Amino acid sequence: MSLKETSKYISLILRHKPETIGIHLDEHGWANVGELLEGIGKTHTISMEILEEIVRTDEKQRYSFNKDKTLIRANQGHSVPVDVELEEVAPPEVLYHGTGEKFRASIEQEGLKPKSRLYVHMSADTETARKVGMRHGKPVIFRIQARKMQEDGYIFYKSVNGVWLTNAVPAAYLQVIV
Ligand code: HQG
């Protein structure tokens, strides 16, 4: 089993379905490392060394340990309601959101919604947005007037791995770019 597959499984557990291996996340999204290793070990090849390698080498830096590495959590991307103590940050003039062409009409009508996750995910660059969009078929990129939204009272957060997050984006702040 590749590290990537194991990482995907960890992401499922730490963001969406901890019950899959019978563990619990605390209110800040932390899971007990010992319990995680034991639970994952039932179906995947894992050890503390492998887990440390996954955390260290993950291309999106999706996970963090606490100081003594007894706890681990996903930095963002959750559907379960946890408070990962996101930092409120003033956004740049514009941010980008990549999605699938099939969602375009609905988004143009009702704006961006978090759907199954806690927040709408955005990036500061179009390349990341394009990659995220490609996960949903033919990609479409929306430009978000983030600074203007903030001036109008909307709050933006930046996760420790650099993903921009907000609760929702009304259609008035959106524009498709080509
Ligand atoms: C769409 C990955 C119709 C939205 C990425 C998106 C990201 C609407 C989909 C992170 C809509 C939800 C998140 C509306 C939003 N009508 N469709 N009104 N509003 N949508 O996977 O942003 O690799 O939950 O455009 O890199 O694609 O997992 O969100 O297409 O950062 O770490 O509903 O996941 O990171 O899809 O991806 P998702 P996302 P990881």
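In this chain, numbering begins with 1 at the start of the sequence shown. Remember, it's 1-based here, ligands and their atoms both numbered in the order they're listed. Please read all numbers here as calculations on a predicted model, not as lab measurements.
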- Item | Option of least heavy-atom distance to atom 4 (C) of ligand 1 (set: Glu110, Lys102, His97) | His97
- Query: Would Lys148 and Glu93 pass as an ion pair if we require N to O under 4.0 Å?
  - Reply: no
- Does any N or O atom in Gly111 lie less than 3.5 angstrom from one in ligand 1, N or O only? yes
- Item | Closest protein heavy atom (residue, atom, distance) for atom 27 (O) of ligand 1 | His136 NE2, 2.6 Å
- Main-chain N/O of Glu53 paired with Thr57 side-chain donor or acceptor, under 3.5 Å: yes
- Message: I need the atoms of ligand 1 closer than 4.0 Å to a non-hydrogen atom of Leu112, numbered in the order shown.
- Response: 15 (C), 19 (N)
- Message: Less than 4.5 Å apart, side chain to side chain, heavy atoms only: is that true for Thr6 and Thr45?
- Response: no
- Give the residue, atom name and distance (to 0.1 Å) of the protein heavy atom nearest atom 29 (O) of ligand 1. Arg117 NE, 3.7 Å
- for atom 15 (C) of ligand 1, nearest protein heavy atom and its distance come out as Lys113 O, 3.2 Å
- Task: Name the option, out of Lys115, His121, Arg135, that contains the heavy atom nearest to atom 8 (C) of ligand 1.
- Result: Lys115
- Message: I'd like to know if the side chain of His78 reaches the main chain of Leu14, judged simply by a donor and an acceptor atom lying under 3.5 Å from each other, with no hydrogens or angles considered.
- Response: yes
- Message: Return the closest protein heavy atom for atom 30 (O) of ligand 1 as residue, atom name and distance.
- Response: Thr99 OG1, 2.8 Å
- Applying the side chain to side chain contact (heavy atoms under 4.5 Å, CB included) test to Arg73, which of Arg15, Arg62, His28 qualifies? His28
- Task: Counting heavy atoms only, name the option from Ala129, Ser106, Gly137, Gly77 that's nearest to atom 14 (C) of ligand 1.
- Result: Ser106
- Query: Centroid-to-centroid, Phe142 to His97, below 6.0 Å?
  - Reply: no
- For Arg15, is the nearest heavy atom under 4.0 Å from an atom of ligand 1? yes
- Checking Gln76, Lys60, Gln61 against Asn161 for side chain to side chain donor-acceptor pair (under 3.5 Å), the one that qualifies is Gln76
- Answer with side chain, backbone, both or neither: which part of Lys60 has a heavy atom less than 4.0 angstrom from an atom of ligand 1? side chain
- Message: Do the side chains of Glu108 and Arg104 get close enough for a salt bridge, i.e. N-O under 4.0 angstrom?
- Response: yes
